[in-house]
Amino acid sequence: MSRLLLIRHGETEWSRNGRHTGRTDLPLTTGGEEQARALRPLLSGRTIGQVYASPMQRALRTAELAGLAPPQVDPDLQEWDYGGYEGITTAEIRRSRPGWYLFRDGVAPGPAGHPGESPEQVGARADRVLARIAPYLEGDEGDVALVAHAHFLRVLTARRLGLPASAGGLFTFETGAVGVLGTEHGRPAVLAWNARSL
């Protein structure tokens with residue numbers, strides 16, 4: 001079976017500052033571009049049959065700088081819609097909502113067009129992505145690469161492992177890093193995480 005390569009985009013100004021960046025389309029910082037370029041040697045030795053990316057420029061630029069083939073853009077790979085929490089930090093949210101935990105509590109509604117998502121809604125998007133790429137993972141035409149965002153990829157990992165969306169909170173994901181999902185004894189497994197070399 002092919003492996004699933006999960007690639008978090010490089011650093012942006014907001015990711016560096018811990019601000020929730022869902023649908024705000026920020027560019028990579030200079031450091032983020034360097035992180036993306038540093039993925040080239042890690043990915044160049046692999047046979048990658050399919051590449052998908054979020055439509056956000058930070059994901060598309062990461063795919064380009066990492067040397068991947070032009071990706072198929074998949075809106076389901078967008079980051080969590082943080083609604084009313086877009087652009088603010090966890091510490092700021094907890095001032096008015098003590099004990100808040102994204103993977104359990106979801107977000108407050110936002111402005112028109114950004115109602116926010118629950119963990120289950122993000123999980124449903126992840127399930128759609130997994131269903132679309134399943135034929136490629138079961139084949140032998142190469143790995144499947146997804147270039148996207150930390151919280152979404154954490155939820156997708158949980159769903160791939162048969163866990164609820166809320167279990168995405170068990171994984172951290174650094175900017176410009178790769179996670180590899182494969183199988184062990186026929187069951188989905190994490191083979192590498194937060195990798196910058198394989």
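Fair warning: this is a prediction, and the values are worked out from it, not measured in the lab.
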I'd like to know if [Y] and [X] are part of one continuous hydrophobic network [Ile/Leu/Val/Met/Phe/Trp/Tyr, side-chain heavy atoms within less than 4.5 Å].
{"X": "V155", "Y": "Y85", "answer": "yes"}
{"X": "Y52", "Y": "I7", "answer": "no"}
{"X": "L102", "Y": "L170", "answer": "yes"}
{"X": "V180", "Y": "F171", "answer": "no"}
{"X": "L5", "Y": "V129", "answer": "no"}

Hey, is the main chain of [Y] close enough, under 3.5 Å, to the side chain of [X] for a donor-acceptor pair?
{"X": "T62", "Y": "A36", "answer": "no"}
{"X": "D143", "Y": "I48", "answer": "no"}
{"X": "S2", "Y": "G139", "answer": "yes"}
{"X": "T21", "Y": "R19", "answer": "yes"}

Is it true that W80 and F103 have ring centroids separated by less than 6.0 Å?
-> yes
Given the rule in the side-chain contact (heavy atoms from CB on, under 4.5 Å) test, do N17 and T89 qualify, once you have shown the distances and angles that lead to the verdict? CA-CA 8 Å; N17 297 324; T89 67; 5.9 Å; no
When V190, L146, V144 are each screened for side-chain contact (heavy atoms from CB on, under 4.5 Å) with L181, the one that passes is V190
The single option from E174, R58, R8, H20 that satisfies side-chain contact (heavy atoms from CB on, under 4.5 Å) with S15 is R8
When rounded to the nearest 0.5 Å, the distance separating CG of L4 from OG1 of T157 is 7.5 Å
Rounded to the nearest 0.5 Å, the CG atom of L77 sits from the CZ atom of F152 at a distance of 5.0 Å
Just jot down the salt bridge (charged side-chain N to carboxylate O under 4.0 Å, His left out) partners of [X], sequence neighbours excluded, or say none.
{"X": "R40", "value": "none"}
{"X": "E33", "value": "R37, R61"}
{"X": "D105", "value": "none"}
{"X": "R128", "value": "D76"}

In short, salt bridge (charged side-chain N to carboxylate O under 4.0 Å, His left out) pairs touching residues 79-99 with sequence neighbours left out are none
| field | Residue R3 excluded, over 12 heavy atoms near CZ under 6.0 Å | value | no
Handout entry: CZ/R187: more than 12 non-hydrogen atoms of other groups inside 6.0 Å
Key = no
So do [Y] and [X] actually touch side chain to side chain, heavy atoms under 4.5 Å?
{"X": "L65", "Y": "L39", "answer": "no"}
{"X": "Q50", "Y": "L137", "answer": "no"}
{"X": "V107", "Y": "I93", "answer": "no"}
{"X": "R159", "Y": "L130", "answer": "yes"}

Looking only at side-chain N and O atoms, does [Y] offer a donor or acceptor that is under 3.5 Å from a partner on [X]?
{"X": "Y82", "Y": "H114", "value": "no"}
{"X": "S54", "Y": "H149", "value": "yes"}
{"X": "E11", "Y": "T29", "value": "yes"}

Contacts of Y136 meeting ring-ring contact (aromatic ring centres under 6.0 Å, His included) (sequence neighbours excluded), chain-then-number -> none
Closest non-hydrogen contact found for P75 with P55 is CA-CD, 4.0 Å
Exercise. How are the rings of W193 and F173 set to each other: parallel, tilted or perpendicular (split at 30° and 60°)?
Worked result: tilted
Quiz item: Can we say E117 and R125 salt-bridge, meaning some charged N sits less than 4.0 Å from an Asp/Glu carboxylate O?
Solution: yes
